[in-house]
Amino acid sequence: RYMNGRLAALFGDLPPPSSEADIDLDFIRDILRHTPVIEVNPQAQHLFRAARREEMLVPIERFWRTRPETVRRTVLARLRGEPGYSEETRVDALDGTPIDVLYTVAFPPLGLERGTNIVAFIDIGDRVAALVKVEQMQAELAHALDVCEAEVMSFMAPLEQVGHACCRG
């Protein structure tokens, strides 16, 4: 409900912002400080490293310290009347550990009136870690190819000079 009041106060009957840059990040941080988690399932509790469910019933600011701009894009989607929003992002566990997730939020019509959104987080940490390893391997292979090309070129240069000398004589 706090978010509804803040959005109405800031945007009122104005058309939705054209870009996320039109939504001040301090405004988003204010919303994060005053919007509590109201329901948690066991999977979310495990993902966010909470020993007890009650540990997670805190303002959502606790989970968005690393990437509050994701919430800014979420608010923009909501203001534009979209049914939901999704992106790969990073959130913070209760112990401060960053978690790579697929974040999805739905804005059900009845929930909007009450200021309630339905949010899901899917842990994509293993996939992100594997992608980082693939990118490292690609960089190493590219470097090895560069070294091989340089070696071949240094080997070929004297042979080319010999070939040119033979053809001249």
Side-chain angles (χ1 to χ4, degrees), residues 1-140:
R1 292 177 196 250
Y2 182 82
M3 183 190 302
N4 282 354
R6 294 290 290 136
L7 291 173
L10 186 62
F11 297 104
D13 294 327
L14 299 173
S18 59
S19 76
E20 69 178 90
D22 295 333
I23 303 173
D24 185 58
L25 205 49
D26 288 334
F27 171 77
I28 296 301
R29 287 187 180 105
D30 180 61
I31 288 174
L32 293 173
R33 275 190 298 277
H34 293 92
T35 303
V37 173
I38 57 173
E39 187 58 46
V40 177
N41 66 30
Q43 292 81 7
Q45 181 180 327
H46 177 73
L47 178 66
F48 286 92
R49 296 167 176 81
R52 297 181 345 265
R53 176 186 167 279
E54 293 74 25
E55 291 176 46
M56 293 197 56
L57 303 179
V58 297
I60 61 174
E61 173 186 41
R62 180 90 181 260
F63 309 105
W64 290 107
R65 291 182 178 143
T66 299
R67 300 237 176 108
E69 63 275 8
T70 298
V71 178
R72 180 165 49 185
R73 289 186 287 276
T74 302
V75 168
L76 181 60
R78 182 175 173 196
L79 289 170
R80 289 180 173 168
E82 296 174 18
Y85 180 76
S86 183
E87 78 173 64
E88 291 184 9
T89 190
R90 184 170 273 183
V91 292
D92 303 292
L94 287 173
D95 64 5
T97 303
I99 308 165
D100 292 304
V101 297
L102 172 61
Y103 159 74
T104 302
V105 59
F107 312 122
L110 293 176
L112 287 178
E113 294 170 12
R114 293 181 288 195
T116 303
N117 301 320
I118 299 171
V119 180
F121 297 96
I122 299 171
D123 186 349
I124 59 170
D126 291 342
R127 187 184 62 77
V128 170
L131 184 58
V132 167
K133 286 192 185 278
V134 166
E135 289 170 351
Q136 287 171 341
M137 289 173 40
Q138 287 175 330
E140 289 171 11

Which value, rounded to the nearest 0.5 Å, describes the distance between Asp123 atom CG and Asp100 atom CG?
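One finds 8.0 Å between CG of Asp123 and CG of Asp100.
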Spacing of CZ belonging to Arg72 relative to CG belonging to Asp22, to within rounding of 0.5 Å
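It comes to 9.5 Å.
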Might you point out which heavy atoms bring [X] and [Y] nearest each other, and give the distance in Å?
| X | Y | answer |
| --- | --- | --- |
| Arg90 | Pro98 | CD-CB, 3.4 Å |
| Pro36 | Ile60 | C-CG2, 4.3 Å |
| Pro68 | Arg29 | CG-NH2, 4.1 Å |
| Leu102 | Ser86 | CD1-OG, 3.5 Å |
| Arg53 | Leu57 | NH1-CD1, 3.4 Å |
| Pro59 | Leu32 | CB-O, 3.6 Å |

Do [X] and [Y] touch side chain to side chain, with heavy atoms closer than 4.5 Å?
| X | Y | answer |
| --- | --- | --- |
| Leu94 | Met56 | yes |
| Ile99 | Arg49 | yes |
| Arg67 | Glu87 | no |
| Asn117 | Tyr85 | no |
| Arg78 | Thr74 | no |
| Ile23 | Leu79 | yes |
| Phe48 | Val91 | yes |

Would the number of heavy atoms belonging to other residues, nucleotides or ligands and lying under 6.0 Å from CG of Asp126 be above 12?
no
For the ring pair Phe121 and Phe63, is the centre-to-centre distance below 6.0 Å?
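No - the distance between ring centres of Phe121 and Phe63 does not fall below the 6.0 Å cut-off.
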